[in-house]
Amino acid sequence: MTDRLELAPGAFWYPAAFDARAQADLLADVRAVLAQAPLFTPTMPRTGKSFSVRMSNCGPLGWVSDGSGYRYQSFHPDTRQPWPPLPDRLQAAYARFGAATPAEACLINYYAPDARMSLHQDRDEADLTAPVVSLSLGDTALFRLGGPERGGATQAIRLASGDVFVLSGPSRLAFHGVDRILGGSSRLLQEGGRFNLTLRRVSCTG
DNA sequence: CAGTAACT
DNA sequence: GTAG
C-alpha cells in the first residue's frame, strides 16, 4: 500500500497512489465512458445557474443536478441512455481503498482550468456508511477539506494526478470543495484541466 | 449553499 | 496576491 495520511478521522489522502501507467489506464476508461455518456453541464436546483464543472457518470446510478434537485438516476440527463457500466479497474479501486460493498456510481467531474466546486457535503446517498473514494487525473487541484459542519475549520490540500482521497467514517459527511485548478501542472490530459472520479455506494442493500 | 460575488 |  502507498503512503496514507489521515487528515481528520476517516479522511485519508494517498499521494501518488497510481503511477503514470495506471493513470493512463484509468484515463482510457474515462475516455471510453465519455464516448458513450458525454459530459453534461449540471444546473442548480433553485437558481438554474450552471456549474463550472462538467459531469458524467458510469455504473447503475449517476448523480445529476437540475431544476428538480440533486438525485441519483439510472440514465444520462441529455441522451436519456443508461449510464455505461462501471469499468473493472474502477470497481477494484473502490475495494482497494476501503469499501466493503461494490460501488454503484462513479461520478466523473471534469474541471477546466477555471472551474471550481464550492464547499459541500456528499449526502444524496441512502447509504452514508460506505466511503466515497476519489481519484485525481490531470492538473493539480487545490482541494479544501472542512469538518461535518459548515463554518468549521478547513484545510487546503494539493491533490495531484494519481492521488486518491477517501471520505469515510466520521469524515463521510465532511464539507469539501475545490478552490481552484493549477492550470498546466500536468500533461496527462492533452486538453488540460482535471478529471475527478468519485466512487460511491448509493443504496443500503448491498 | 455541489452557485457567485463582494468584502475585509 | 491570498484567506475566509
Range-with-range stems for DNA chain C, at least three Watson-Crick or G-U pairs under 3.5 Å: none
Side chain of A:Arg200 (C-beta onward), nearest among B:dA2, B:dT4, C:dG4: B:dA2
Spacing of A:Leu142 atom CG relative to C:dG1 atom P, expressed in whole Å: 15 Å
A:Arg194 to A:Tyr111, cation-pi by 6.0 Å centre distance and 45° axis angle: yes
OP1 or OP2 of C:dA3 under 4.0 Å from side-chain N/O of A:Arg144: no
Among C:dG4, B:dA2, B:dT4, the nucleotide that comes nearest once only the side chain of A:Lys49 is considered: B:dT4
Integer-rounded Å distance: C:dA3 P and A:Ile157 CD1: 13 Å
Nucleotide B:dA2, atom P - distance to OH of A:Tyr70 in whole Å: 3 Å
Same apolar cluster (I L V M F W Y, side chains within < 4.5 Å links), A:Met55/A:Val133: no
Pi stacking test for A:Phe175 and B:dA2: under 5.5 Å apart, planes under 30°: no
Ring geometry between A:Phe97 and A:Tyr14 (parallel below 30°, tilted from 30 to 60°, perpendicular above 60°): perpendicular
Sugar-phosphate, base or nothing in reach of A:Thr43, heavy atoms under 4.0 Å: nothing
Centroid separation A:His120 to A:Phe175 less than 6.0 Å: no
Nucleotide paired to B:dA2 in any strand shown, Watson-Crick or G-U, under 3.5 Å: none
Rounded distance in Å - CZ (A:Arg180) to C1' (B:dT4): 18 Å
Cation-pi geometry met for A:Arg201 and A:Tyr72 (6.0 Å, 45°): no
Length of the CD-C1' vector between A:Gln155 and C:dG4, whole Å: 15 Å
A:Met44 CE to B:dA5 C1', straight-line distance once rounded to whole Å: 14 Å
For atom OH of A:Tyr111 and atom C1' of B:dA2, their distance in whole Å: 8 Å
Whether A:Tyr70 and A:Trp63 hold their rings parallel, tilted or perpendicular, with breakpoints at 30° and 60°: tilted
Sugar-phosphate only, base, or nothing, as touched by A:Arg150 at under 4.0 Å among non-hydrogen atoms: base
Polar side-chain contact A:Asp124-B:dA2 base: donor and acceptor under 3.5 Å: yes
Spacing between A:Phe51 atom CZ and B:dT4 atom C1', to the nearest angstrom: 12 Å
A:Arg89 and A:Asp29 ion-paired at < 4.0 Å: yes
